[in-house]
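Here the structure comes first, spelled out in structure tokens, and everything after it is commentary.
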Protein chains: 2
Amino acid sequence: MLAAARHQIILERLLAEGAVQVSELSERFGVTPKTIREDLEKLEEKGLLRRTHGGAVASAEEAEPMLPLQIPNTKHLSEKEAIARHALRYIQPNDVIALDAGSTTLEIAKRLPNEPLTVLTNDLLIMQELIGKDRIRLVVPGGYRQRNVLIGNEALDWLNRLNVQKLFLTATGIHEKYGLTVFTGELIDLKKAYMTNAREIYCVADHTKFDRAALLTFASLDEVDVLITDAGLTDDAVRRYEGGRATLERAL
Amino acid sequence: MLAAARHQIILERLLAEGAVQVSELSERFGVTPKTIREDLEKLEEKGLLRRTHGGAVASAEEAEPMLPLQIPNTKHLSEKEAIARHALRYIQPNDVIALDAGSTTLEIAKRLPNEPLTVLTNDLLIMQELIGKDRIRLVVPGGYRQRNVLIGNEALDWLNRLNVQKLFLTATGIHEKYGLTVFTGELIDLKKAYMTNAREIYCVADHTKFDRAALLTFASLDEVDVLITDAGLTDDAVRRYEGGRATLERAL
DNA sequence: ACCTATTCGAACTTTTTCGAACGTTTTTTT
DNA sequence: AAAAAAACGTTCGAAAAAGTTCGAATAGGT
């Protein structure tokens, strides 16, 4: 068995389960634990996972949008709050908006006024946030739960009949060359469905997401209309990202 | 099980519920309480939680579970609790169950153990209740919100491909002649879809629902396997409803 | 044949997990 | 409110599991 083939399978397993074990993998591939550790080391160098004792887990940054309950979120909370406040300026009463899953979009949801508004989302925490806001029309494409997001949607064509005005999109990594990336493949179909149906696409991401690439690219930067980030983005990066089709805006 | 995986789950539980218990976690993971305490110590060092006697609470200010939800229907709560406890006896690990929208089924959801189990629901409050229970596989047919329920038959054909073992059904009225009734027509399609796909149908309803008919009939009493109600149902009514195909059970 | 990358063995170190005895806090009983 | 009981926590240390380092054997490519 080729090392590259093992790596591929390890990553797939990681996507599905969120964590892998050295012992399990060594038995699965019929190689020594030593070899698996070397595999994991190489994958960690590439930033595709994070090593732990006994195995590895999806690396913190990349797993973040899938793990809205994890603490790393609150690390950049003030930045996310600033981004959310900024994004709110684009939301008017009677809009039809889609909120992608993530902690930044959750901050947007928290600040949505209880006014006539249609919100699409697959994020359970966002739904929870909107339960009390009775004037907001909530629309949920179904699915099964992976952590706090409903994914694996069988009825995405239903989504295609909806007319979304504004999409607030999240990503694990934003990179000049690789575009918008995520770590888990299941989210991609949903993001793409939202994107093809949205008239205006706002990508919300704190500065730590920039110049990073996760495993899978789901869109190029050109497909985004507005990139909303925080003041922490370096001037150098601002210069590089300002050039594209997307307008770059830094929330105060 | 990986230590890192435990930590992750502990944190998720902590933010969903506000607090965790050592004893509960040690049983959940099959490790000694000592190990859980060491886990909690490490997480506390990172500032991710605060230790208490017997467990830990979220490090932030909120020791209370986040409950910005609407005023629940607390009418006849003790009866509903009794019915829920009774209904739980029909739920085994690895079951695939559907929880119809309602306050009685919400009581069932609250009492579901965090064990391997697949739960279908359209009730937002039930979803919220299940957010912290990571071992429960949650499946949501989509829709748009009407109060706290997702309705809309767009994804009902998807539902027809699912194989539900047990359905816990609610109704506004239960009547010998008019069968199971509700006031709003939107819920009917969903209930019917659940019913055609369920092998066993349990109708949960407190005694005040009996001998009442709401506007719209969605099923006859013969389609139900078990009728679960509380002790408040009059003997006269018991005699009348016992005769049908459905078994009548009164929760204590 | 030479170089390089992969895989693994073996001795050694670290981390994790847990048992058991002994304090401490919380709850119940009197 | 004091005493007793139960539950929880701490310390020490040991056993098991996982990781590390070093170096050697193997296989592929040039």
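The chains referred to below are lettered A, B, ... by the order of the sequence lines, with proteins before strands, and numbering in each begins at 1.
The side-chain heavy atoms of B:Ile91 and B:Ile108, taken from C-beta on, include a pair separated by under 4.5 Å.
Atom pair A:Leu25:CG and D:dG19:P shows a separation of 11 Å (rounding to whole Å applied). We find that CG of A:Asp39 is positioned 10 Å from P of C:dC8, with the value rounded to whole Å. Atom pair B:Ile36:CD1 and D:dA7:P shows a separation of 19 Å (rounding to whole Å applied). Computed from coordinates, the B:Glu27 CD to D:dA7 C1' distance equals 15 Å when rounded to whole Å.
With sequence neighbours excluded, the residues forming a salt bridge (charged side-chain N to carboxylate O under 4.0 Å, His left out) with B:Glu38 are B:Lys34, listed by chain and number. Not counting sequence neighbours, B:Phe29 has no partner by the ring-ring contact (aromatic ring centres under 6.0 Å, His included) test. Residues meeting the salt bridge (charged side-chain N to carboxylate O under 4.0 Å, His left out) test with B:Arg37, sequence neighbours left out: none. Under the salt bridge (charged side-chain N to carboxylate O under 4.0 Å, His left out) criterion, B:Arg6 pairs with B:Asp39, sequence neighbours left out.
Considering CD of A:Glu81 and OG of A:Ser103, their distance stands at 11.0 Å, rounded to 0.5 Å.
With respect to the salt-bridge test (charged N to carboxylate O, under 4.0 angstrom), the residues A:Arg240 and A:Glu176 qualify. At a threshold of 4.0 Å, the pair A:Glu45-A:Lys42 does not count as salt-bridged, since none of the basic side-chain nitrogens sits closer than that to a carboxylate oxygen.
Side chain of A:Thr32, nearest nucleotide from C:dT17, C:dG9, C:dG19: C:dG9.
Comparing the start and finish of the helix from C:dA1-D:dT30 to C:dT30-D:dA1, five pairs each, the helix axis swings through 40°, to the nearest 10 degrees.
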Can you tabulate the close N/O pairs, meaning under 3.5 Å, that link protein atoms to atoms of nucleotides 10-18 of chain D?
from	atom 1	to	atom 2	distance (Å)
D:dA18	O3'	A:Gly54	N	2.9

